[in-house]
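Notes follow once the structure below has been shown.
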Amino acid sequence: QVQLVESGGGLVQTGGSLRLSCAASGRSFGIYTMGWFRQVPGKEREFVSGIRWSGGSIDYADSVKGRFTISRDNAKNTVYLQMDSLTPEDTALYYCAAGWMTTILASSAHYTYWGQGTQVTVSS
């Protein structure tokens with residue numbers, strides 16, 4: 001089992017920044033890809049960004065390119081999502097996910113483990 005714990009969400013004004021963290025524990029050896037997703041009520045979970053533990057491959061949704069930055073600290077088994085220039089459209093529950101894939105995939109169906117989510121609210 002792999003446990004994922006997100007933190008760093010909160011309330012911020014338009015144009016502000018937040019940094020989300022996702023700490024992985026448990027049998028995480030072999031996990032290849034970590035992802036961030038977000039979801040608002042009534043909508044499907046949306047891919048935000050992904051990163052591979054090794055090799056450094058990174059991917060972003062078009063809606064966050066140039067504003068969000070994903071990174072990892074292998075020693076701490078932690079993935080980060082730096083979110084800048086936030087807008088009210090970024091308001092959502094943000095989830096961290098982990099999967100055994102060797103490439104970054106945007107479909108949530110490919111990810112095996114999920115955190116509990118952290119709320120991000122951007123006020124106008």
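- When each of Glu44, Glu89, Glu6, Glu46 is tested with Arg38 by the rule salt bridge (Lys or Arg N to Asp or Glu O under 4.0 Å), just one qualifies, namely Glu46.
- Residues Asp90 and Arg67 have side chains in contact (heavy-atom distance under 4.5 Å, counting atoms from C-beta outward).
- One N or O on the side chain of Arg52 and one on the backbone of Thr102 form a donor-acceptor pair closer than 3.5 Å.
- The distance from atom CG of Leu11 to atom CD of Gln119, rounded to the nearest 0.5 Å, is 9.5 Å.
- The NZ atom of Lys76 sits 12.0 Å away from atom CG of Asn74, with the distance rounded to the nearest 0.5 Å.
- Using a 4.5 Å heavy-atom threshold, the side chains of Leu20 and Tyr95 count as separate.
- The nearest pair of heavy atoms linking Phe47 to Tyr111 is CE1-OH, 4.1 Å.
- What you find for Leu4 and Gln116 is that their closest heavy atoms are O-OE1, 3.7 Å.
- By the rule that hydrophobic residues join a cluster once side-chain heavy atoms approach within less than 4.5 Å of another member, Trp100 and Met34 end up as members of one cluster.
- Among all heavy-atom pairs drawn from Thr87 and Thr14, the shortest one is CA-CG2, 4.5 Å.
- Annotation: side chain of Cys96 is in contact with side chain of Trp36 (closest heavy-atom distance under 4.5 Å).
- Residues Met83 and Ile58 share a hydrophobic cluster, clusters being chains of Ile/Leu/Val/Met/Phe/Trp/Tyr side chains in contact below 4.5 Å.
- Counting heavy atoms from C-beta outward, Ile70 and Val79 have side chains that approach closer than 4.5 Å.
- With hydrophobic clusters built from ILVMFWY side chains whose heavy atoms lie under 4.5 angstrom apart, Val48 does not share a cluster with Tyr80.
- Both Trp114 and Ile104 sit in one connected hydrophobic cluster of ILVMFWY residues. Membership requires side-chain heavy atoms under 4.5 Å apart, directly or through other members.
- Contact detail for Ala106 and Phe37: the closest heavy-atom pair is O-CE2, 3.3 Å.
- Rounding to the nearest 0.5 Å gives a distance of 10.0 Å between CG of Asp59 and OG1 of Thr103.
- The distance from the OG atom of Ser54 to the CZ atom of Arg72 is 7.5 Å, given to the nearest 0.5 Å.
- Side chain of Thr78 to main chain of Ala23: no donor-acceptor pair is present (N/O by atom type, distance under 3.5 Å, no hydrogens or angles).
- The structure places OG1 of Thr118 at 7.5 Å from CG of Leu93, a figure rounded to the nearest 0.5 Å.
- In terms of hydrophobic clustering, with Ile, Leu, Val, Met, Phe, Trp and Tyr side chains grouped at heavy-atom distances under 4.5 Å, Trp53 and Val2 are assigned to a common cluster.
- Expressed to the nearest 0.5 Å, how far CE of Met101 lies from OG of Ser107 amounts to 9.0 Å.
- Taking each heavy atom of Gln1 and Gln3 in turn, the nearest pair found is CB-NE2, 3.5 Å.
- Looking at every heavy atom in both residues, Leu81 comes nearest to Ser49 through CD1-CB, 4.1 Å.
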Chi angles and distances behind the side-chain contact (heavy atoms from CB on, under 4.5 Å) call for Leu86, Phe68:
CA-CA 9 Å; Leu86 287 163; Phe68 290 11; 3.8 Å; yes
